[in-house]
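What follows is a single structure, written as structure tokens, with notes after it.
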Amino acid sequence: MFLITEKRALAPKVSLMKVKAPYVVKHAKPGQFVILRVEENGERVPMTITEANRVDGTITIIFQEIGATTFKMNQLNAGDYLHDFVGPLGRASELEGLKKVAVVGGGVGCAIAYPVAKALHDQGAIVHTIIGFRNKDLIFLEDEFNQCSDMLIVTTDDGSNGNQGFVTNALKKLLESGERYDEVFTIGPLPMMKFVSLTTKPFNIKTIVSMNPIMIDGTGMCGGCRVTVGNEMKFACVDGPDFDGHLVDFDEAIRRNQMYSPFEKRQLDENCNLLRGVKHD
Amino acid sequence: MINLSLKKNEMPLQDPKERINNFDEVSLGYSLEQAIDEAKRCLACKHKPCVKGCPVEIDIPRFIQKITQGEIEEAYQIIGESSSLPSVCGRVCPQETQCEELCVRAIKGESVAIGRLERFVADYHHNNKHLLIEHVQSNNHKIAVVGSGPSGISCAYDLAQLGYKVTMFEALHIPGGVLVYGIPEFRLPKEIVRTEIKTLQDLGVEIETNVIIGKTLSIEDLFEDGFEAVFIGTGAGLPKFMNIPGEMLNGVYSANEFLTRVNLMKAYHQSSATPIQMAKRVAVIGGGNVAVDAARCAKRLGAEEVSIVYRRSMKELPARLEEIEHAEEEGIIFKLLTNPVQIIGDEKGYVQSIECVQMELGEPDSSGRRRPLIKKDSNFIIEVESVIMAIGTTPNPLITSTTKGLDTNSSGCIITKDDSGKTSREMVFAGGDVVTGAATVILAMGAGRKSAHAIDMKIRSLNQK
Ligand SMILES: Cc1cc2nc3c(=O)[nH]c(=O)nc-3n(C[C@H](O)[C@H](O)[C@H](O)COP(=O)(O)OP(=O)(O)OC[C@H]3O[C@@H](n4cnc5c(N)ncnc54)[C@H](O)[C@@H]3O)c2cc1C
Ligand code: FES
């Protein structure tokens, strides 16, 4: 059992959780993830490591309540326990030697983009960050990004923060104005990563995407997380999660991620119905 | 008095029509009377041919004679001299190619039902004897066992009995290896695995689940933490795909993924949060125990038509004989001398059918089995919604790729110097599927034991100096 030492909301349905896991902390690096189970009979879900604190032995994760499991997670608070918590999994992001990078995050993917931006900043790289949200209420980690970015652009789909547009528009503008990067790092929903990769392609800028397929074990044992990269089959949990965005077959990945959507929806409904039976004051 | 019947006592079974709707154990086990009656079929041959067929050389005639006298606990102790997992091996060993193949009674009629007797003895012991674990004096030497499958369990068991402080590290959230995530409940009830694990814990073995060696901790970390030797029993868990078009379609599973969802994550239970596709028509590619298990699970999940697609003939099918018979009773279709060439999807990317070719058998290949050759222009279509690939597994490189000086062969198996499991790294031992490639429970169990004794010898010799 793994103790939750802190839990707070960052935005509606987006929460930060710190979990005591000294073993996981020991070798954790930016870009890696954990797999957790909320309870006995729970499913195994991957979550990216936002921060590994070597002093207090906690791992910070940020998650958005989207399915049945994240719904249950969001019911938990400091002092509660997660049933299982294993990691660090996957390869760390390759940041060495990078001098100027654009980090592009979308929605809850910003939680994953943040440790990368911070590590790049800490190693002295110039970091341009573009983060996008549906509306201004959903913005989170803005201050944190501000501290580790040489330039920060925050977009909203509906323009409610005064900067309407998609991250791809902002990125394209920068590229067209002559900005050049050693690499673009992008993390967010699959369609967003697809379009970021399409945006950088004509400029020939290496683009790294962080894939988030369905996983079970996270050790290369099930093959459920397979993605096609450059016409080769890769297991995202051990070969990734970072891949060259110009080589990833995004349409296939989008389709594979929808495999269990009907099941997930039903599970979520069941959870909600369960709670409806409980009296809230 | 010898029982001259040419046939084994029949194993009581759950009715096939019933059992395809549940995950309860298929074989119900002998009663005491049946066991004694069966034991009396043994001729107690002086030269004990059966023992030569047993990878761990259980003294079979001796334990069977104890059954004839009704001394079941004594029989258990005799098996225990050679095997630490009789309740498992009695259920899953391929007896027909091991001990029972060499049984003299098999020359005319059926062999003695050695496997069923082993299972009976082990179950009887667990049901009747509440083991008082003798507290072994600790020698304060710390040993790490990596992986909690049969090799790790038997290694930890023997080391603990010798007084070592053993910590077992397991990547998944439940210990047991293939015994929990691969072999289904209806063939090996998980309660049995839990009992074996509980015995280990009673002996003082610490079990750390959710720790992946090579990721969470390295082999070097283990030595730094004061472990004096490490046993690697991490199995052969990496699934192979065929490299044919269509393997990325929705509805294509590796057998590992399918079985893990069903067995480890209990996707067949309403209470499980792990989903599984409920397909009406399923094709399982392969012919080993893994393929048969996957097919029978699919049937129990409600599939109407489940086929095993295998490129050789029934004679070469490597699965346990009993499981093939049970699968046939359950209505599993065997499409033999058949090999898929591609998987075809619908416009949404879900599996619609597989295209196969017919095969014929040519000359024997390096494995001694006749090589399957494609029959020209024999392509045909099988309509299915789900395809499960059960064509083999290889060892996971997580440890070997992060440990200096640990040699592997071209298939990724750890190289050992002799059957004690010594590797190219000082104080690192290995055994089971990670050394042999996917094999059997009994071989893994035997390897774990041998390494335990080699580790003991090594530590004692180091401390005498
Ligand atoms: C579906 C199926 C059916 C089978 N049926 C039979 C049968 O009927 N009869 C038979 O004799 N054999 C059968 N086998 C084969 C048999 O199960 C294996 O040969 C046996 O389990 C091997 O034991 P092992 O200890 O080497 O490894 P495993 O049982 O594979 O256990 C290895 C364990 O190590 C863990 N691990 C892996 N890497 C790490 C790491 N880096 N850190 C920590 N832990 C790690 C794994 O999670 C796993 O729990 C079957 C196999 C399968 C998959
Ligand atoms: S999650 Fe199972 S292989 Fe990647």
Side-chain angles (χ1 to χ4, degrees), chain A residues 2 21 23-28 32 34-45 67-69 72 83-90 214-228 233 235 238 249 251-264 266-267 270-271, chain B residues 169-174 181-182 208-212 214-218 221 234-241 243 247-261 264-267 269-278 345 348-350 389 393-398 401-402:
Chain A
F2 296 81
Y23 269 170
V24 184
V25 170
K26 195 171 162 104
H27 295 292
Q32 290 189 295
V34 295
I35 284 187
L36 60 83
R37 287 203 315 158
V38 175
E39 56 188 2
E40 180 90 61
N41 294 332
E43 62 178 335
R44 293 174 64 99
V45 289
T69 297
K72 281 190 181 151
H83 205 281
D84 298 284
F85 199 82
V86 59
L89 297 164
I214 294 168
M215 294 191 183
I216 305 183
D217 55 296
T219 64
M221 185 264 266
C222 74
C225 64
R226 58 196 191 277
V227 289
T228 303
M233 183 193 287
F235 288 6
V238 283
D249 184 338
D251 294 336
E252 176 189 277
I254 292 170
R255 183 216 338 123
R256 286 182 61 79
N257 264 19
Q258 284 160 357
M259 174 82 198
Y260 298 106
S261 309
F263 179 93
E264 273 156 29
R266 198 182 67 229
Q267 287 271 316
E270 275 170 17
N271 274 340
Chain B
F169 296 96
E170 168 56 47
L172 292 171
H173 56 267
I174 301 176
Y181 80 70
E208 296 262 14
T209 50
N210 294 316
V211 177
I212 303 167
K215 279 280 169 196
T216 313
L217 299 172
S218 64
D221 289 332
T234 47
L238 224 56
K240 282 190 209 159
F241 285 88
N243 244 327
E247 284 179 309
M248 298 297 287
L249 289 167
N250 291 4
V252 180
Y253 290 92
S254 75
N256 268 3
E257 178 180 358
F258 183 77
L259 290 169
T260 301
R261 284 179 184 274
L264 182 74
M265 308 309 291
K266 299 269 175 281
H269 264 302
Q270 275 280 292
S271 66
S272 172
T274 302
I276 186 101
Q277 187 196 16
M278 301 283 183
K348 285 193 181 134
Y350 283 74
M389 291 290 173
T393 52
T394 53
N396 195 318
L398 279 178
S401 64
T402 54

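As the structure is a computational prediction, the values presented were derived from the model and not from experiment. Throughout, protein chains are lettered first and strands after them, A, B, ... in sequence-line order, and every chain is numbered starting at 1.
In this structure, chain A has a heavy atom under 4.5 Å from the side chain of B:Phe241, while its backbone stays farther away. Contacts of B:Lys215 with chain A are made by both backbone and side-chain atoms, with heavy-atom separations under 4.5 Å. For B:Asp221, the part lying near chain A is the side chain, with the backbone staying farther off; criterion is any non-hydrogen pair under 4.5 Å. With a threshold of 4.5 angstrom between heavy atoms, A:Phe2 approaches chain B through side-chain atoms but not through N, CA, C or O. Residue contact with chain A, scored on non-hydrogen atoms closer than 4.5 Å, involves the side chain of B:Met265 exclusively. Both the backbone and the side chain of B:Glu247 come within less than 4.5 Å of a heavy atom in chain A. Of the two parts of B:Leu217, the backbone and the side chain both hold a non-hydrogen atom closer than 4.5 Å to a non-hydrogen atom of chain A. Heavy atoms closer than 4.5 Å to chain A are found in the side chain of B:Asn396, but not in its backbone.
Separating the CD atom in B:Glu257 from the CE atom in A:Met221 is a distance of 10.0 Å, to the nearest 0.5 Å. Note that the CD atom of A:Gln258 and the NZ atom of B:Lys348 stand 10.5 Å from one another [nearest 0.5 Å]. Here the CG-CZ distance, from A:Leu36 to A:Phe85, works out to 6.0 Å after rounding to the nearest 0.5 Å.
Of the residues considered (B:Leu259, B:Thr260, B:Leu249), B:Leu249 shows the highest number of contacts with chain A, using heavy-atom pairs under 4.5 Å. Contact tally against chain B (heavy-atom pairs below 4.5 Å) for A:Gly218, A:Gly224, A:Ala28, A:Gly220: the top residue is A:Gly220. Among B:Leu172, B:Thr209, B:Asn243, the residue with the largest count of heavy-atom pairs under 4.5 Å with chain A is B:Leu172. Of the listed residues (B:Leu398, B:Leu264, B:Thr216), the one with the most heavy-atom contacts under 4.5 Å to chain A is B:Thr216. Chosen from A:Gln32, A:His83, A:Glu40, A:Arg44, the residue pairing most often with chain B at heavy-atom distances under 4.5 Å is A:Arg44. Chain B forms more heavy-atom pairs under 4.5 Å with one residue of A:Val24, A:Val45, A:Ile216, A:Val25 than with any other, namely A:Ile216.
Contact check for A:Asp251 versus A:Asp249: side-chain heavy atoms found under the 4.5 Å cut-off. Using a 4.5 Å heavy-atom threshold, the side chains of B:Pro239 and B:Phe258 count as separate.
No side-chain N or O of B:Asn256 forms a donor-acceptor pair with one of B:Ser254 less than 3.5 Å apart.
Panel note: side chain A:Thr228, backbone A:Met233; no donor-acceptor pair is recorded below 3.5 Å. A:Arg256 places a side-chain N or O within 3.5 Å of a backbone atom of B:Met248 that can act as its donor or acceptor partner.
Looking at every heavy atom in both residues, B:Ile212 comes nearest to B:Ala171 through CG1-CB, 3.6 Å.
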